[in-house]
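Predicted model only: the values in this text are computed from it and were never measured.
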Amino acid sequence: MAITGNGSLTISLSVFVISAAFLLKGAAETLSVEGQNLGTDNVSVIEGEMATISCRVKNNDDSVIQLLNPNRQTIYFRDVRPLKDSRFQLVNFSDNELRVSLSNVSLSDEGRYVCQLYTDPPQEAYADITVLVPPGSPIMDSQEDVVSEGNETELTCTAMGSKPAASIRWMKGEQELTGKMTVDETYDGMFTVTSRLRLTVSKEDDGAPVSCIIDHPAVKDLQAQRYLEVLYQPEVKIVQAFPEGLTREGENLELTCIVNGKPQPHQISWLRVDDDVPSHTVITGSDLFIENLNKSYNGTYRCVASNAVGEAYDDYILFVYDAPTTIPTPTTLNLDNTQDSRAGEGAPQKIDHAVIGGVVAVVMFAILCALIVLGRYFARHKGTYFTHEAKGADDAADADTAIINAEGGHNNTEEKKEYYI
C-alpha cells in the first residue's frame with residue numbers, strides 16, 4: 001500500500017515520536033543503573049585454596065542481586081543458593097553486598113563470574129577468577145659432575161607444571177648469572193620452563209654453590225642448589241725449615257715442599273737444576289736434608305709435583321756463606337750482657353783520651369799566649385846606655401879611688417851598648 005501527501009508526513013511524525021520516547025526511556029534507565037554503581041573485583045587464587053567474590057551495590061533501590069558462574073548458571077539469588085555445589089558458601093548478604101566464597105579451587109573453576117543486578121535492563125559486573133598453579137620442585141642437572149679448571153660446563157634447571165609460566169634466575173655465591181630460558185606449554189594449559197647456564201670454571205670455583213631460583217606468584221623461596229667440583233693442577237711452595245737465617249758453611253739445610261691440588265698430587269720429586277744433588281742428600285717425600293754445607297752445593301733446587309690435571313714446581317736458590325769468624329753467644333741474654341760489659345770497659349778509655357787532648361790544647365794555648373806577651377814587652381824596653389871607666393881604674397886600691405881617678409873627664413871614655421834579650 002502506498003501512502004502519499006499528508007499521510008506520508010503523519011507516519012514520519014509518528015516514527016519520530018516513538019523513537020524519542022524510547023530514547024528518553026533508555027536514558028532514564030541508564031541514569032538509574034549508573035546511579036546504583038554495581039561493582040566487583042578480579043580474584044587470583046592458588047589451586048586448592050579459597051576464593052571470595054564480592055558483588056557490591058551503591059545506592060540500591062531494593063533491586064535483587066545474584067551471582068552467576070561462567071556458564072551463566074545462578075550460584076546465589078539473593079541469599080539462596082540454587083546451584084548444588086557445596087563449595088560455594090554465603091559469606092555476607094545485604095542490600096549493598098552479596099559476598100560468596102569458593103573453597104578448594106581447581107582449574108575448572110577458572111573463568112568469568114557475573115554479578116547481576118535486577119534492574120530494567122539488568123546491570124552486570126564481571127569478576128575474573130585466575131587459578132595459579134605453583135611449579136613442582138626444580139630439577140637441576142649438570143653436563144658433568146667434575147670439571148677441570150679452565151673448561152666450560154653446562155647446568156640446567158627445570159620447573160614443571162606451573163600456571164602461569166615461572167621464571168628462573170641463577171646465582172653463584174653472591175654473583176647473579178644469566179642463563180638461556182625456554183618455555184613449553186602442555187596440553188592442559190600448564191607450562192614447563194627450562195634454563196641453561198654455561199660457565200667457565202677456575203680453581204677458585206671449587207666448592208662454590210650454584211643455585212637456580214624459581215620466581216612464581218604462587219610460591220616463594222623455591223630453589224635448587226649444587227656445589228661445583230673443580231679439578232686443578234698442584235700449587236707448590238718451598239719453605240726453608242732450617243736454618244732460620246743465612247745458610248753458612250758447616251751448617252745443615254732442611255727444605256720442605258708444601259703442595260696443594262685437586263686431586264691431591266700423587267708424586268713429589270726433588271732435583272738440582274743443571275747439576276746433580278749432593279751425594280749425601282737425604283730426600284724423604286716432600287722434605288730435603290743436606291748436612292755440612294759447603295760452597296760447592298750452591299745452585300737451584302726444584303720441587304716438582306704432579307696430578308691428573310697437570311704439573312707444577314717451585315725453585316729454591318741456595319747460596320752458602322762463609323762460616324762466622326766468632327762464636328756467637330748461646331743466648332740473647334748473654335749477648336746483651338757481653339755487649340754491656342764491653343761498652344762499660346770502653347767508656348773510660350774514651351773519656352781519658354778526651355781529657356788528655358783537652359789538657360794538651362790548653363797548655364799549648366797558654367804557652368802561645370805567654371810568648372806573644374813577652375815579645376811585646378821586650379819590644380817596648382829595648383834602648384842604649386853609657387858606662388864611664390877611667391883608664392887604670394882596675395889598678396885603684398878601692399872603689400873611691402877609682403871614681404876619683406875617673407872624674408877627670410869623659411874624652412877617653414868609650415861608648416858601649418848593651419841589649420837585654
Side-chain angles (χ1 to χ4, degrees), residues 148-150 202-204 206-207 230-361:
S148 299
E149 64 173 333
S202 63
K203 64 182 178 182
E204 288 77 14
D206 183 46
V230 181
L231 304 179
Y232 53 92
Q233 67 179 16
E235 297 174 323
V236 184
K237 182 180 180 181
I238 297 176
V239 176
Q240 179 178 312
F242 184 85
E244 294 183 356
L246 299 177
T247 51
R248 298 185 180 275
E249 284 188 305
E251 294 182 348
N252 300 331
L253 174 67
E254 183 177 354
L255 302 178
T256 298
C257 186
I258 300 176
V259 179
N260 183 34
K262 189 172 183 178
Q264 188 65 25
H266 57 274
Q267 183 177 356
I268 301 175
S269 60
W270 286 91
L271 59 91
R272 184 179 178 186
V273 179
D274 299 331
D275 204 345
D276 296 331
V277 296
S279 58
H280 61 285
T281 300
V282 178
I283 298 176
T284 306
S286 60
D287 297 330
L288 179 144
F289 181 80
I290 302 177
E291 188 178 12
N292 193 19
L293 292 174
N294 63 63
K295 294 188 176 182
S296 65
Y297 299 159
N298 288 346
T300 302
Y301 292 78
R302 176 173 295 174
C303 174
V304 183
S306 61
N307 61 9
V309 181
E311 182 179 278
Y313 66 87
D314 189 26
D315 288 339
Y316 172 85
I317 299 176
L318 173 62
F319 184 85
V320 180
Y321 292 84
D322 293 332
T325 56
T326 58
I327 301 176
T329 54
T331 64
T332 304
L333 179 61
N334 293 338
L335 178 60
D336 294 341
N337 293 337
T338 303
Q339 291 176 350
D340 293 341
S341 64
R342 289 179 181 176
E345 294 175 1
Q349 294 177 2
K350 292 181 181 179
I351 294 174
D352 292 344
H353 287 301
V355 172
I356 292 172
V359 171
V360 171

* Which pairs pass ring pair (Phe, Tyr, Trp, His ring centres under 6.0 Å) with one or both residues in residues 279-310, sequence neighbours excluded? -> His280-Tyr297
* What side-chain hydrogen bond (donor to acceptor under 3.5 Å, both in side chains) pairs are there with at least one residue in residues 261-271, not counting sequence neighbours? -> Asp206-Lys262
* Structure fact -> Nearest heavy-atom contact between Pro265 and Asn260 is CD-C, 4.3 Å
* Asked: Arg272: what forms a salt bridge (charged side-chain N to carboxylate O under 4.0 Å, His left out) with it, not counting sequence neighbours?
  -> Asp275
* Structure fact -> Applying side-chain hydrogen bond (donor to acceptor under 3.5 Å, both in side chains) to Ser279 and not counting sequence neighbours gives none
* **Distance (rounded to the nearest 0.5 Å) between Ile317 CD1 and Thr247 OG1** => 11.5 Å
* Sequence neighbours left out, what passes side chain to side chain contact (heavy atoms under 4.5 Å, CB included) with Asn292? Give chain and number order. => none
* Asked: Tell me the salt bridge (Lys or Arg N to Asp or Glu O under 4.0 Å) pairs involving residues 278-298, sequence neighbours left out?
  -> Lys295-Asp322
* Asked: Okay, side chain of Ser148, backbone of Leu231: is any donor-acceptor separation there less than 3.5 Å?
  -> no
* **Thr281 side chain near Leu288 side chain, heavy-atom distance below 4.5 Å** => yes
* Asked: Which residue pairs pass the disulfide (SG to SG under 2.5 Å) test with at least one member in residues 245-301, sequence neighbours excluded?
  -> Cys257-Cys303
* To do: Return the minimal non-hydrogen interatomic distance between Pro234 and Asn307, and the atom names on each side.
  => CD-OD1, 3.4 Å
* Structure fact -> Contacts satisfying side-chain hydrogen bond (donor to acceptor under 3.5 Å, both in side chains) that involve residues 233-242 (not counting sequence neighbours) are Lys203-Glu235, Gln240-Tyr316
* To do: List for me each residue that meets salt bridge (charged side-chain N to carboxylate O under 4.0 Å, His left out) alongside Glu254, sequence neighbours excluded, and say none if there are none.
  => none
Counting only pairs under 3.5 Å, give me each side-chain donor-acceptor contact of residues 308-315, with atom names and distances, residues two or more places apart or in other chains.
residue	atom	partner	partner atom	Å
Asp314	OD2	Ile238	N	2.8
Asp315	OD1	Arg302	NE	2.7
Asp315	OD2	Arg302	NH2	3.2

* To do: Would you mind reporting whether Leu318 and Leu293 have side-chain heavy atoms less than 4.5 Å apart?
  => yes
